[in-house]
4 protein chains.
Amino acid sequence: MPANTSSLSTVEPATRPRRADARQNADALVEAATALFAEAGVDVPARVIAVRAGVGVGTLYRHFPLRSDLISAVFRRELDACVAAAAPLAAAYPPGEALDRWIMRYTRFVAAKRGLAGALHSGDPAYEPLAAYFSTHLTPTLAGLLAAARESGDIAQDVDAGEFLGAVADLCHGVRPDGAASGRAERMVGLLLAGLRSAEGDG
Amino acid sequence: MPANTSSLSTVEPATRPRRADARQNADALVEAATALFAEAGVDVPARVIAVRAGVGVGTLYRHFPLRSDLISAVFRRELDACVAAAAPLAAAYPPGEALDRWIMRYTRFVAAKRGLAGALHSGDPAYEPLAAYFSTHLTPTLAGLLAAARESGDIAQDVDAGEFLGAVADLCHGVRPDGAASGRAERMVGLLLAGLRSAEGDG
Amino acid sequence: MPANTSSLSTVEPATRPRRADARQNADALVEAATALFAEAGVDVPARVIAVRAGVGVGTLYRHFPLRSDLISAVFRRELDACVAAAAPLAAAYPPGEALDRWIMRYTRFVAAKRGLAGALHSGDPAYEPLAAYFSTHLTPTLAGLLAAARESGDIAQDVDAGEFLGAVADLCHGVRPDGAASGRAERMVGLLLAGLRSAEGDG
Amino acid sequence: MPANTSSLSTVEPATRPRRADARQNADALVEAATALFAEAGVDVPARVIAVRAGVGVGTLYRHFPLRSDLISAVFRRELDACVAAAAPLAAAYPPGEALDRWIMRYTRFVAAKRGLAGALHSGDPAYEPLAAYFSTHLTPTLAGLLAAARESGDIAQDVDAGEFLGAVADLCHGVRPDGAASGRAERMVGLLLAGLRSAEGDG
DNA sequence: AATGAATGAGGGTTCATTCAT
DNA sequence: TATGAATGAACCCTCATTCAT
């Protein structure tokens, strides 16, 4: 902790000397990883990410000792935004529509993050923290929306929130960074939602 | 053990036996690959497959110069069986039920083939022939079933057969060789089918 | 926490305090290194030592630019204590017993310093200063004890003091921090001493 | 197993087509490793060994999947020769002298194999097989010689064969490939042997 | 003087693919 | 034709060491 007991009438900038650089590097890494995950999947080599971020491999490992740390950093923020979007939707729309809208928002997010679905199902223990994050954050969010929609009678089917999230993620699996196949994903998710509303169960 | 120890005074056979051996090796490789894809995914090392088949790696490459060739060989047979199952079902059941039953059969097949979905969407050009096989064989089959079901009014939604097949494959993505998550896949496919039957489109 | 918040109107002190801090850090580093060398050997990473000492790596390198500097600092103190123990022993016991007791004290010291022997013989030029320290301090000490014991007739063999010290150090090579194999080392050193007393030379 | 059912009136040479190459590589690797272990210690990088042997790293790993496999290959032969030397010595000399001669032979062997002692005490599990080999082969050999010498009264002290072997190995620790310090090792081992013959235990 | 972030060489290991036999 | 040995690129990860703050 390099002291900083000085004048401090300064607004903010003067603080954290080296720290700022470090943060910038971490950000650059997340950014590079985000782009590369989208371009080439989550399995892109660490060195490639480092180079793209303009730092050495060592720096990558300093900031993200575990590969899952980087994955998390890449997805967490948007995942949080996704969670946060639920309440406003629930307040503004009837349960059924709130559900639809939220799922579509989630769909677009996952579709934009190529490799997310793959990481979730890879079985590689490195990605477990990410899966756990889903369980603890996204699943309860969807569960709430589903419960409300059931109560209101907007949906007839009962479905497990975790399963449903996973299914949507899977349906986004083939979406390319250029957005190709994105329409397909949304159409199929729409079918899933329609199935939820329908009175009859599966055949 | 491709033995070939005789001086074989026969006229033609001298060639045939060898061919037979080659065929046997190819079969052994397909069988080994089938088992290993299910056990460990499509990414299992070539050497492992060769060892399991009881042949050298060189032999594997001779028969399947491209990895996708082996993949195709592995799936083709069952894919064909799947296609062949459509006609009997269409003859025995009303269009809607035939569709449901066929999709469920396809679901179980894909779920059993760990890695199939991954291969289809990997983006690796090596797997394109496999995707092409889907387009030329499975898609028309499903298209037929879908058309019949629409005509009979069993399903209300219109859907692209290729997209639907891909969606089902994706939903099987997380299924493990031990069958774990298999229930999930079937439930989600059921939802998809229910969506097909429902009168309203997506929200 | 190297504070230095004064405008230092004082004449000299302004320098001293800093020195004191520096000294404290150096001491902390030596202490940390001592503990870690014993726990994990001399090859423990620099960063680990720095962390244990509660300072940054940079500080470690400032005080001990060469790894051997730290090694030396770690062992020097105890080496000095070892040297200092010779005189009292020589005064209190007959030459032969003084020799035995001193060697055993040295043995226990080396055995407790895992990695010392390794460092001495590593061949890495970085450790030469340490070897030099042995030559200039310990060797003469033992030489004195040996000479006295020969004169008194307590030992029959002639032996080079430096060689003998090295041999004892080597015999402690396998001793673990938990003391395992320590008995072995002492038994073998005992044999060496017995060999010294025996009338006949080697076979 | 490439058949080899042919004429075979040949002496030996024609056999093992590729196998010969493979064997040559394995030999080259052992030779390179032997040299490099002596020059730079057992910790030389695998890649360096491979280059020196004129093969790719992959080849090294093919022949010696575990580092300990290579170590073993390097030392085993001479270790065996050492063991084999015991019987003739025991037959040709009185127990005490046989012991001395065998130990000196062993000393010269270990001294010539720089890094052997280090490997034995490294604690690295990779070297355990080597240590085990010592226990099962060399230790019993020495135990026999020691027992005979005790019975004949040639030695007075009792000593654990394993400990003694370890001690001798340790004493060879500092010997350089150029033979420097070799005299020292032999002198110290001589002292150890003298200690064995002496009537009194350690002080 | 202290800090700790950054660097990047370096070592281990795997595996797709080629090719001599 | 089958074999499996050889190759070497590619990855992962660790650490000694430097240097801006």
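Note that the coordinates shown come from a computational prediction; the quantities given were computed from them, not determined experimentally. A note on names: the letters A, B, ... follow the listed sequences, proteins ahead of strands, and every chain is numbered from 1.
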Closer than 3.5 angstrom, by distance alone: can the side chain of [X] be matched with the main-chain N or O of [Y] as a donor-acceptor pair?
X: D:Asn25; Y: D:Ala22; answer: no
X: D:Thr59; Y: D:Val55; answer: no
X: B:Arg67; Y: B:Val42; answer: yes
X: A:Arg62; Y: A:Val57; answer: no

**Prompt:** Which dot-bracket string fits DNA chain E when only Watson-Crick or G-U wobble pairs with both atom distances under 3.5 Å count, crossing pairs get [ ], and | stands for a partner on a different strand?
**Reply:** .||||||||||||||||||||
Return the minimal non-hydrogen interatomic distance between [X] and [Y], and the atom names on each side.
X: A:Leu29; Y: A:Ala53; answer: CD2-CB, 3.6 Å
X: A:Leu36; Y: A:Val44; answer: CB-CG1, 4.1 Å
X: D:Val74; Y: D:Val30; answer: CG2-O, 3.9 Å

**Prompt:** Can a side chain N or O of B:Asn25 be found less than 4.0 Å away from OP1 or OP2 on F:dA2?
**Reply:**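 Checking B:Asn25 against F:dA2: at least one side-chain N or O falls below 4.0 Å of OP1 or OP2.
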**Message:** Both B:Pro45 and D:Pro65 contact DNA chain E. Taking the nearest nucleotide for each, which residue is further toward the 5' end?
**Reply:**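 The residue whose closest nucleotide sits nearer the 5' end is D:Pro65.
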**Request:** Using heavy atoms to find the nearest nucleotide of DNA chain F for D:Ala26 and B:Arg62 separately, return the residue whose nucleotide is more 5′.
**Result:**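 So the residue in question is B:Arg62.
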**Item:** Residue mapping more 5' on DNA chain F - nearest nucleotide basis, B:His63 or A:Tyr61
**Value:**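 Result of the comparison: B:His63.
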**Request:** May I ask you to list the residues of residues 47-60 of chain A, by number, that have any heavy atom positioned under 4.0 Å from an atom of DNA chain F?
**Result:**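 Those residues are A:Arg47.
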Separation of [N] [atom2] from [X] [atom1] (nearest whole Å):
X: C:Phe64; N: F:dT17; atom1: CZ; atom2: P; value: 15 Å
X: D:Asp21; N: F:dA6; atom1: CG; atom2: C1'; value: 10 Å
X: D:Asp43; N: E:dG10; atom1: CG; atom2: C1'; value: 14 Å
X: B:Leu36; N: E:dC15; atom1: CG; atom2: P; value: 13 Å

**Request:** Determine, stepwise, if the pair B:Arg77 / B:Glu31 fulfils salt bridge (Lys or Arg N to Asp or Glu O under 4.0 Å).
**Result:** CA-CA 11 Å; B:Arg77 197 173 23 174; B:Glu31 206 163 318; over 6 Å; no
